[in-house]
Amino acid sequence: MQQLNARAQTFRQAIAGFIAARKDEKLKNPEQDVISAQKYDYATWLADAARRVNQLQAATHIAKATHSSVEDKPKDKLRSVCVSPESLPCRAEIGTHMLKGMVPIDVVGNAAALDVFKFLKTQVEGKTLLAWAERGDADLKAALSDNPQMAEAWVEAFAGLVAPSGTAQSHALMKQIYWLTGENPLEDSDFCLLQPVFSSALAHVIHAEIQDTRFGEQNTEARNAFYKKQPYDGAYKDYKGLAVRKLGGTKPQNVSQLNSERGGVNYLFASLPPTWQSQYKPPVLNRTTVLSAFFKTKEAFVALQKLVQFLKSDPAPNVETRQKRTHCEQEIAFALVEFAALIKSSLPAGWSRAPTCELALCEKLWLDPERSTLPENDEFLEDDRLFKEAYVLGDWPDEVAQRFANELNALLRKAGLVTVGNTEYEHWVQQVMIEAAWPVPVRRRVKEKI
């Protein structure tokens, strides 16, 4: 057996450590499952990893974010692309070209092979195994195998993950949106591309920045100082009006590795001009529910009247009827989301502690979720603990949806639609749970109407 120098031994220890951790993660009882345990022998696992790395493709811009059915196969027709920020033109807009020296590499392809990319991200001496493989490091080769030819082949296979191969080619489902900015629609230069290929690298950097702003130590100290009314010598950052675009559903790894690390979360910044509303007083105090006030807002009232008039017209049971009814229902659901967002942006976190706030607990959790992140207050110690426990439990979206359904059914009966009952109630619950985009996992339970 070849004698390894100290540096090569460091490589081998890092590699063996990863394989052992992978084995412990996948096998509950390696002593009984001997055949499966053999797959995690050092040389056996590396040989399999070198074979499976061909199922992955490095990327900075991923195609599946545009449409989930876009495939990155075959490799000679690349849908996702990997580009260096240095190779991109400098533009005034924020983009991948700004990530020079900090671009995170993403991978797409067979989700079952993503553990190979995790392996290649293992660091030795401050660099990843992938970086050492690209350099053809001699000590890495020695650590991989005593057989020089086999070690060379494995290093080439691993380095090939980021080696350019194939030709970038679009796909029928990767629809691009262009906007005419000039005067001649026959000239390509007179159009502006509104939807470029999704940059997973840029999304990952932005996600890290926003997460640090929301949960980082500096901002947490600033928030605590604010609520304790203490001076704070530092900056406070916040991103208002964020939205979340979920990619991949329950299997974000099917989109890409970085998307999986983000849990499928991709933040969207508000792209609307500011809306000024003077002396807005959220209807949250001295009442047991805000839903009655919601249905009196202009948006909800108009949408509800449309729905009532349409249902009273006794439309035929066909596709067109379902589409019109769905449109009315979505208008109400969207109005509910905007109503809640306005309350959240108008009041400081913790407003539901006020003695005059008589809302049901589920509505407090819905409209004052940031209270769960506040430090405990001695004056409200027991209430704060109950509030945080209820928020984590996650039953409150179901309860809000059920209260919404009861309120909507009552208004429909008052408008003359006396036949509405449990069927409509269950439908309203499911509709608002789908459209309202609750910030915690929804269990989608529909309790019988009381």
Between [Y] and [X], is there a side-chain heavy-atom distance shorter than 4.5 Å?
{"X": "P315", "Y": "K324", "result": "no"}
{"X": "V205", "Y": "P104", "result": "yes"}
{"X": "F191", "Y": "T181", "result": "no"}
{"X": "Q253", "Y": "L114", "result": "yes"}

Sidechain-backbone polar pair: [X] side chain, [Y] backbone, donor-acceptor under 3.5 Å:
{"X": "Q402", "Y": "V429", "value": "no"}
{"X": "N219", "Y": "K237", "value": "yes"}
{"X": "D395", "Y": "A390", "value": "no"}
{"X": "T10", "Y": "A6", "value": "yes"}
{"X": "D368", "Y": "S352", "value": "yes"}
{"X": "R325", "Y": "L311", "value": "no"}
{"X": "T96", "Y": "L202", "value": "no"}
{"X": "Q309", "Y": "K306", "value": "no"}
{"X": "E363", "Y": "V290", "value": "yes"}
{"X": "K344", "Y": "A349", "value": "no"}

[X]/[Y] ion pair, N-O < 4.0 Å:
{"X": "E407", "Y": "R403", "answer": "no"}
{"X": "R7", "Y": "D137", "answer": "yes"}
{"X": "D115", "Y": "R22", "answer": "yes"}

May I ask you to check whether [X] and [Y] show a side-chain donor-acceptor distance below 3.5 Å?
{"X": "Y267", "Y": "E209", "value": "no"}
{"X": "H207", "Y": "E261", "value": "no"}
{"X": "N259", "Y": "N254", "value": "no"}
{"X": "Q323", "Y": "H327", "value": "no"}

query = Quick check: are there more than 12 heavy atoms from other residues, nucleotides or ligands sitting under 6.0 Å from OH of Y40?
reply = yes
task = State whether the number of non-hydrogen atoms from other residues, nucleotides or ligands found under 6.0 Å of L381 atom CG is greater than 12.
result = yes
task = State yes or no: are the ring centers of F339 and F295 separated by less than 6.0 Å?
result = no
Look up atom [atom1] in [X] and atom [atom2] in [Y], then write down how far apart they are to the nearest 0.5 Å.
{"X": "T220", "Y": "L374", "atom1": "OG1", "atom2": "CG", "result": "11.0 Å"}
{"X": "L408", "Y": "L307", "atom1": "CG", "atom2": "CG", "result": "7.0 Å"}
{"X": "H204", "Y": "S199", "atom1": "NE2", "atom2": "OG", "result": "11.5 Å"}
{"X": "F117", "Y": "L130", "atom1": "CZ", "atom2": "CG", "result": "7.0 Å"}
{"X": "W351", "Y": "L367", "atom1": "CH2", "atom2": "CG", "result": "5.0 Å"}
{"X": "F294", "Y": "I332", "atom1": "CZ", "atom2": "CD1", "result": "7.0 Å"}

remark   = In terms of heavy-atom contacts, K388 and R371 come closest through CE-O, 4.3 Å
request  = Check the angle between the aromatic planes of W396 and Y391 and answer parallel, tilted or perpendicular using the 30° and 60° thresholds.
outcome  = parallel
ask   = Parallel under 30°, tilted from 30 to 60°, perpendicular over 60°: which one fits the rings of Y239 and F269?
value = tilted
